[in-house]
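This report concerns only the one structure given below.
Ligands are counted one by one from 1 in listed order, and the atoms in each one are counted from 1 as well. The shown structure was predicted, so the numbers you read here are calculated from the model rather than taken from an experiment.
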Amino acid sequence: MSIHIGAQKGDIADTVLLPGDPLRAKYIAENFLEEMACYNEVRGMYGYTGTYKGKKISVQGTGMGVPSISIYVNELIQSYDVQKLIRVGTCGAIQKDVKVRDVILASTSSTDSQMNRMVFGGIDYAPTADFSLLKNAYDTGIEKGLSIQVGNVFTSDNFYRDNNEELLALLDQYNVLAIEMESTALYTLAAKFNRKALSVLTVSDHMITGEETSAMERQTTFNDMIEVSLDAAIK
Ligand SMILES: O=P(O)(O)O[C@H]1O[C@H](CO)[C@@H](O)[C@H]1O
Ligand SMILES: O=c1cc[nH]c(=O)[nH]1
């Protein structure tokens with residue numbers, strides 16, 4: 001057991017999907033995994049292990065924001081030796097040609113996260129996706145005929161920002177596709193421990209046009225993202 005995950009070693013697969021919302025973890029386990037069992041209920045942050053197309057896969061909620069996902073990624077790697085970590089999250093689109101329900105593969109992530117500043121000080125580290133996972137996910141998405149975008153996302157410590165309009169204009173100008181709150185931590189920790197990581201994101205709302213999905217849709221569905229992630233994980 002680790003501090004925040006009540007599993008024994010061996011209960012968790014070496015590949016783990018990571019939704020921010022623990023109820024999305026439950027949805028994925030119940031709808032996509034066979035022979036699944038719940039290994040974690042600590043803090044309601046559900047974790048499940050099952051099989052997908054015969055391969056052992058786990059899915060673990062991470063909570064929202066860099067501090068929360070950092071706890072789960074650290075423990076999954078250091079206590080359970082997890083090798084491949086794939087975030088299955090939601091994001092708000094910035095670019096006009098990115099539409100609600102599109103799937104984004106974050107090749108890299110920019111950030112205002114204080115946690116990375118504490119690690120890197122004055123250096124601008126570039127958190128980066130694992131290329132093999134990114135390629136597998138991209139190829140899978142194209143095979144499925146999805147509207148799939150690859151690029152830079154912005155990981156913010158802040159959901160409600162006072163300077164939102166200025167920030168969106170700046171990120172738009174520099175071709176950032178969308179905003180979310182965890183990818184930088186995932187990529188930075190994966191690099192630190194030499195693991196493979198990818199963030200697959202569904203656009204849940206558009207920050208320029210105001211179009212959005214329902215809370216229920218964010219909690220469940222988004223099946224394209226889940227299938228792309230599971231198929232990329234086992235390729
Ligand atoms: O849907 P999840 O994976 O939680 O991701 C996004 O949604 C949350 C904000 O509503 C943040 O965690 C953000 O990154
Ligand atoms: O962090 C996030 C996630 C989804 N939508 C947003 O606007 N921000």
* From the options Ser110, Ser183, Ser107, select the one residue that forms a side chain to side chain donor-acceptor pair (under 3.5 Å) with Asn152. =>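 That would be Ser110.
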Tell me which protein heavy atom sits closest to [atom], plus the residue, atom name and distance to 0.1 Å.
{"atom": "atom 7 (O) of ligand 1", "value": "Thr90 OG1, 3.3 Å"}
{"atom": "atom 8 (C) of ligand 1", "value": "Met64 SD, 3.7 Å"}
{"atom": "atom 14 (O) of ligand 1", "value": "Glu182 OE1, 2.5 Å"}
{"atom": "atom 5 (O) of ligand 1", "value": "Arg87 NH2, 3.0 Å"}
{"atom": "atom 4 (O) of ligand 1", "value": "Gly20 CA, 3.4 Å"}

* Transitive ILVMFWY side-chain link Ile86 to Tyr72, under 4.5 Å -> yes
* **Working for salt bridge (charged side-chain N to carboxylate O under 4.0 Å, His left out), residues Asp224 and Arg101** => CA-CA 9 Å; Asp224 289 341; Arg101 297 184 190 78; over 6 Å; no
* Please indicate whether any nitrogen or oxygen in Met181 is less than 3.5 Å from any nitrogen or oxygen in ligand 1. => yes
* Asked: Judging by distance only, is a nitrogen or oxygen of Glu180 under 3.5 angstrom from one on ligand 1?
  ->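 In this structure, Glu180 places no N or O atom under 3.5 Å from an N or O of ligand 1.
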* Which is it for Ser204 and ligand 2 at heavy atoms under 4.0 Å: side chain, backbone, both or neither? ->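 For Ser204, only side-chain atoms sit under 4.0 Å from ligand 2.
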* Asked: Judged by modelled atom types alone, do Tyr46 and Asp21 share a side-chain donor-acceptor pair under 3.5 Å?
  ->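 No pair is found: no donor N or O on one side chain lies under 3.5 Å from an acceptor on the other.
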* To do: Please confirm whether the backbone N or O of Ala233 pairs with a side-chain atom of Lys84, one donor and one acceptor, at under 3.5 Å?
  =>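 Present.
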* Is the backbone N or O of Tyr27 less than 3.5 Å from a side-chain atom of Asn31, with the two atoms forming a donor-acceptor pair by type? ->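 Between the backbone of Tyr27 and the side chain of Asn31 there is a qualifying donor-acceptor contact (under 3.5 Å).
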* Asked: If you count the atoms of ligand 1 from 1 in the order shown, which ones are under 4.0 Å from a heavy atom of Phe159?
  ->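 Within the 4.0 Å cut-off of Phe159, ligand 1 contributes 9 (C), 10 (O).
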